[in-house]
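To start, the structure under review is shown below, and the notes come after it.
Basis for what follows: all heavy atoms, side chains included, without hydrogens, waters or symmetry-related copies.
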Amino acid sequence: MFSDMELDALKEIGNIGAGNAATALSLLLSNKINMNVPRVAIISFDDVSNSVGGPENLVAGIFMRITGDISGNILIIIPKPNAYNLVNYLLKHQPGEAGFSAMEESALVEVGNIIASSYIVALSDFTKLSMKISVPGFAYDMAGAIFSFPLSLYGYMGDTAFLIETEFTEGIDDINFHFFLIPDDESLKVLLKAIGVSSFGWNGQSRNGGI
């Protein structure tokens with residue numbers, strides 16, 4: 001169970017990371033990027049999939065593992081039409097209907113890497129915790145498959161997870177990202193302690209217990 005103070009603190013962590021990531025994305029695309037206030041929630045993977053158009057919706061997914069003083073996962077989800085628009089913006093051509101070429105995948109992964117690196121640098125500076133991210137992985141599949149497969153590799157055996165979600169939108173070229181920071185259980189405790197929130201009552205509860 002999280003107190004209001006703890007949820008506010010976690011939302012602030014999301015705000016700081018997302019602000020840095022939005023700035024990096026704005027520079028990369030040379031356009032203004034809008035971002036929503038981060039959503040902090042314990043949520044089922046099906047509900048997360050619905051936020052990007054439903055579990056059967058085709059999306060591009062970029063996955064990175066966080067290691068260091070905290071551990072967790074980063075997932076960047078780009079719905080198919082938006083991924084096509086992004087490739088068109090970066091490479092000046094539209095991908096074929098069958099999916100993305102190696103060059104197109106590389107362009108999408110590089111964008112994801114820039115966003116995630118900016119996010120983690122801001123988070124590390126704010127918390128004074130050491131963090132690094134893995135080499136990005138890429139998948140083009142249904143949203144439900146992309147959410148469930150990488151998380152199952154790192155101990156997320158239930159159907160829910162605690163996450164901090166931020167949506168980035170570039171209006172002119174209709175490019176939209178969903179950024180998910182999914183800390184591991186013990187890392188939530190470390191994050192809250194690092195920013196001086198001392199009332200954290202973990203009590204060994206699982207994520208499935210709700211907020």
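The two atoms that bring Leu91 and Ala107 nearest to each other are CD1-CB, 4.2 Å, heavy atoms only. Nearest heavy-atom pair, Leu58 versus Met142, reported as atom, atom and distance to 0.1 Å: CD2-N, 4.0 Å. When all heavy atoms of Ile76 and Met64 are compared, the closest pair comes out as CD1-CE, 4.1 Å. In plain terms, the two heavy atoms of Val190 and Asp69 that are nearest each other are CG1-O, 3.9 Å. Nearest heavy atoms, Val59 versus Val52: CG1-O, 4.3 Å. Nearest approach of Ala83 to Leu108, heavy atoms of both residues: O-CD2, 4.1 Å.
Checking Ser71 against Asp184 by side-chain atom types alone, a donor-acceptor pair falls below 3.5 Å.
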Using a 3.5 Å cut-off and no angle test, enumerate the donor-acceptor pairs between side-chain atoms of residues 32-41 and protein atoms at least two apart in sequence or in another chain.
unit_1 : atom_1 : unit_2 : atom_2 : d
Asn36  : ND2    : Glu167 : OE1    : 3.0
Arg39  : NE     : Glu165 : OE1    : 3.0
Arg39  : NH2    : Glu165 : OE1    : 2.5

Identify each donor-acceptor pair in which a side-chain atom of residues 14-27 lies under 3.5 Å from a protein atom, sequence neighbours left out, and give them as a table.
unit_1 : atom_1 : unit_2 : atom_2 : d
Asn20  : ND2    : Ser118 : O      : 3.0
Thr23  : OG1    : Gly19  : O      : 3.0
Ser26  : OG     : Asn31  : O      : 2.8

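Using a 4.5 Å cut-off on side-chain heavy atoms (C-beta onward), Leu90 and Glu104 make no contact. In this structure, Pro55 and Asn50 have side chains that are in contact, with non-hydrogen atoms separated by less than 4.5 Å. Side-chain contact between Ile120 and Ile74 is present, with heavy atoms from C-beta onward closer than 4.5 Å. Side-chain contact between Asn82 and Phe177 is absent, with no heavy atoms from C-beta onward closer than 4.5 Å.
Evaluation of the side-chain hydrogen bond (donor to acceptor under 3.5 Å, both in side chains) rule for Ser106 yields no partner, not counting sequence neighbours. Looking at residues two or more places apart in sequence or on another chain, you find a side chain to side chain contact (heavy atoms under 4.5 Å, CB included) between Val121 and Asp125. Evaluation of the ring-ring contact (aromatic ring centres under 6.0 Å, His included) rule for Phe179 yields Tyr119 as partners, not counting sequence neighbours.
Within the structure, the ring pair (Phe, Tyr, Trp, His ring centres under 6.0 Å) test picks out the following pairs touching residues 69-90 (sequence neighbours left out): Tyr84-Phe100.
Of the listed residues (Phe147, Phe63, Phe168), just one forms a ring pair (Phe, Tyr, Trp, His ring centres under 6.0 Å) with Phe180, and that residue is Phe147.
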